[in-house]
Amino acid sequence: MEWLETLRRSFLDFDAMASVLPSMFYIGLKNTLILAAFSTFFGVLIGIVLAVMGISRSPWLKLPARIYTDIFRGLPATVTILLIGQGFARIGRELFGPSPFPLGIAALSLIAGAYIGEIFRSGIQSVDKGQMEACRALSMSYGQGMRLIVVPQGIRRILPALVNQFIGNVKDSSLVYFLGLLTYQRDLFRVGQDQAVVTGNLSPLLLAGIFYLIITVPLTHLVNYIDDRLRTGRIVKQAPVSGLEEVTEQAAVKNADARPTFKGGSLKIDHLTMAYGEVEVLKDVTLEVPAGSVTCVIGPSGSGKSTLLRGLNRLVEPKAGAVTLDGSDVLTMQPETLRRRIGMVFQQFNLFPDHTALQNVSLALNKVKKMSTAEARKLAEERLTDVGLASRMNHRPANLSGGQQQRVAIARTLAMEPEVILFDEVTSALDPELVKGVLELMTDLGKRGMTMVVVTHEMGFARKVADQVVFMDEGRIIEAGAPQQIFDNPKNERLKHFLQEVL
Ligand SMILES: Nc1ncnc2c1ncn2[C@@H]1O[C@H](COP(=O)(O)OP(=O)(O)OP(=O)(O)O)[C@@H](O)[C@H]1O
């Protein structure tokens with residue numbers, strides 16, 4: 001087998017490999033890592049600036065970022081490296097001496113920056129808007145929400161892409177030799193290539209290839225592992241539980257010792273008008289919500305129910321009118337102070353996916369209410385026990401059913417000790433068998449004196465639990481009254497029509 005022997009001599013000349021190994025390690029590997037690390041570092045800096053410019057609303061920032069990205073992503077790396085390295089060679093020599101590294105790193109950074117900018121931009125934009133809304137509803141400032149929740153989630157999402165970029169830079173660093181390297185500056189490729197010429201076979205180059213793989217392959221696997229780990233947390237070993245069990249979970253709590261009652265606040269809404277841009281979606285809404293009462297808001301899709309709730313805690317700023325909470329003007333209050341007093345639970349739960357149930361509840365206690373970690377933890381444990389989740393505190397949202405997630409969200413809101421809680425279609429995203437547990441919990445809160453404004457499609461709940469039911473259509477309150485009046489004796493034609501459709 002002569003051809004096998006030729007192949008062996010060409011690729012597996014172990015003596016040639018052994019002789020090049022020290023320079024491969026001490027010169028090639030070192031220089032490749034220097035080039036890749038520096039260009040990734042500067043690429044990240046450039047990328048952050050580009051991402052901020054790209055997300056901004058100003059076309060004067062957006063446009064240059066777009067042009068930059070198009071150019072440096074569109075050009076072959078070799079062209080950029082030669083243009084920068086040779087075009088600026090004189091300035092480079094004056095500034096940095098004979099080493100081609102600074103200009104090589106600059107060129108690699110400019111290329112990497114274009115890709116990393118896109119990675120950062122999509123990472124931040126991919127975080128669900130509900131996450132920031134949940135942060136603000138928990139009375140965190142915009143900065144706290146970004147720092148504690150949105151940016152970490154964005155970074156976690158882009159971690160694999162960033163490592164890929166580093167791997168790309170490891171490979172692209174081999175192109176810097178175009179700029180002419182001194183002997184001690186050679187990278188892995190160059191060391192392998194030079195020695196291949198000396199020995200007359202490809203074994204040193206194969207060894208360089210192996211070095212590249214030793215850097216890149218474990219890194220890819222490591223990042224996939226970290227990504228999986230961050231996404232799901234430690235896998236909770238527990239047999240799957242039937243959704244039917246959840247009602248029992250909740251019932252067990254209901255039968256527990258009588259728990260303290262709440263001191264609900266009263267709301268007065270006066271000629272409230274709200275708009276998105278020029279479009280008015282809430283018109284002249286006037287409503288009283290007495291302390292400790294349950295108000296259910298019903299109405300067709302798009303009638304402005306969610307917007308009304310968002311106006312009450314100012315997630316959307318009202319355009320005109322007034323709202324008072326126990327006599328204090330809600331619209332001039334610090335939004336963070338207001339949101340400590342008026343909590344909110346969302347249709348999509350908006351739990352923080354990288355936090356356990358316990359951390360979801362304790363985060364704002366710790367960061368907003370400034371409780372010590374131990375105090376926050378104790379209170380969070382109590383609230384989670386209240387909602388029947390004592391045995392699931394260390395689960396992440398992904399390891400909980402929808403019903404359990406929604407009960408964590410309610411516990412998270414309750415822990416802030418609000419005077420009013422706004423519920424925005426909180427059972428609409430749940431499987432039918434999980435709805436009951438959540439509604440029972442809400443019924444229980446109502447009985448214990450919490451003031452609640454509940455946007456719901458659960459007519460049975462509204463009839464049974466509400467003190468007043470409000471029917472909205474096209475941004476106005478069309479009819480309001482006791483449940484019997486609304487359901488058994490509706491006056492308005494539109495309400496009659498709506499009830500015919502939903503009952
Ligand atoms: N962020 C927004 N920007 C612009 N328009 C919006 C925004 N949010 C809601 N709207 C519009 O405002 C109107 C009222 O929406 P809102 O969500 O308050 O209604 P809703 O009664 O809660 O409906 P649904 O039951 O479908 O949630 C709708 O026409 C909707 O398209």
Side-chain angles (χ1 to χ4, degrees), residues 55 57 124-137 142 145 150 267 269 271-287 289 294-321 323 330-331 335 339 342-350 402 406 409 413 420-430 432 435 438-439 442 452-463 466 468-480 486 490 492 494-503:
I55 291 170
R57 293 208 178 113
I124 292 174
Q125 285 179 337
S126 72
V127 176
D128 187 69
K129 289 199 167 44
Q131 294 288 301
M132 179 52 95
E133 214 168 41
C135 290
R136 293 169 66 208
Y142 180 81
V150 177
L267 279 174
I269 304 162
H271 300 290
L272 193 71
T273 296
M274 296 182 60
Y276 294 105
E278 291 302 303
V279 189
E280 277 190 2
V281 292
L282 211 65
K283 295 157 198 153
D284 203 21
V285 167
T286 295
L287 180 68
V289 178
V294 177
T295 297
C296 283
V297 183
I298 62 172
S301 174
S303 55
K305 307 178 299 291
S306 300
T307 306
L308 170 64
L309 292 194
R310 282 170 167 69
L312 299 180
N313 67 351
R314 286 171 56 200
L315 285 181
V316 178
E317 289 291 344
K319 187 173 160 194
V323 182
V330 158
L331 302 187
R339 293 177 197 140
I342 303 185
M344 186 164 188
V345 185
F346 300 90
Q347 178 175 359
Q348 298 298 343
F349 330 135
N350 295 347
Q406 196 56 293
T413 303
V420 178
I421 302 185
L422 313 171
F423 292 85
D424 193 3
E425 292 188 33
V426 295
T427 55
S428 300
L430 299 179
V435 169
V438 173
L439 289 183
M442 290 164 67
M452 304 181 6
V453 184
V454 184
V455 169
T456 186
H457 292 302
E458 296 288 339
M459 296 303 149
F461 173 82
R463 183 190 274 275
Q468 66 173 337
V469 177
V470 173
F471 171 67
M472 288 183 70
D473 195 16
E474 294 179 349
R476 294 180 195 279
I477 292 183
I478 306 291
E479 196 169 329
I486 296 289
N492 184 279
R494 273 194 276 176
L495 171 57
K496 284 182 194 166
H497 185 196
F498 175 75
L499 291 175
Q500 270 168 11
E501 297 295 328
V502 297
L503 287 179

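Ligands are counted one by one from 1 in listed order, and the atoms in each one are counted from 1 as well. Just so it is clear, the values below take in all heavy atoms, side chains as well, and ignore hydrogens, waters and symmetry mates.
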With heavy-atom distances below 4.0 Å as the criterion, list the atoms of ligand 1 near [X].
X	result
P300	21 (O)
T307	14 (C), 15 (O), 16 (P), 18 (O)
S301	23 (O), 24 (P), 25 (O), 26 (O)
S303	19 (O), 20 (P), 21 (O)

Would you say L430 and V438 make side-chain contact, with heavy atoms under 4.5 Å? yes

Can you confirm whether E425 sits close enough to K305 that some side-chain heavy atom of one is under 4.5 Å from a side-chain heavy atom of the other? yes

Using heavy atoms and a threshold below 4.0 Å, how should the contact between V281 and ligand 1 be classified: side chain, backbone, both, or neither? side chain

Say whether G304, considering both its backbone and side-chain N or O atoms, lies within less than 3.5 Å of an N or O atom on ligand 1. yes

Give me the nearest non-hydrogen protein atom to atom 9 (C) of ligand 1 as residue plus atom name, then the distance to 0.1 Å. Y276 CE1, 3.4 Å

I'd like to check atom 3 (N) of ligand 1 in this structure: does the protein have a heavy atom lying under 4.0 Å from it?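 Under the 4.0 Å cut-off, atom 3 (N) of ligand 1 does have protein heavy-atom neighbours.
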
Does ligand 1 have an atom that lies less than 4.0 angstrom from a heavy atom of E425? yes

Is it true that G302 lies under 4.0 Å from ligand 1, counting heavy atoms only?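 Per 4.0 Å heavy-atom rule, G302 contacts ligand 1.
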
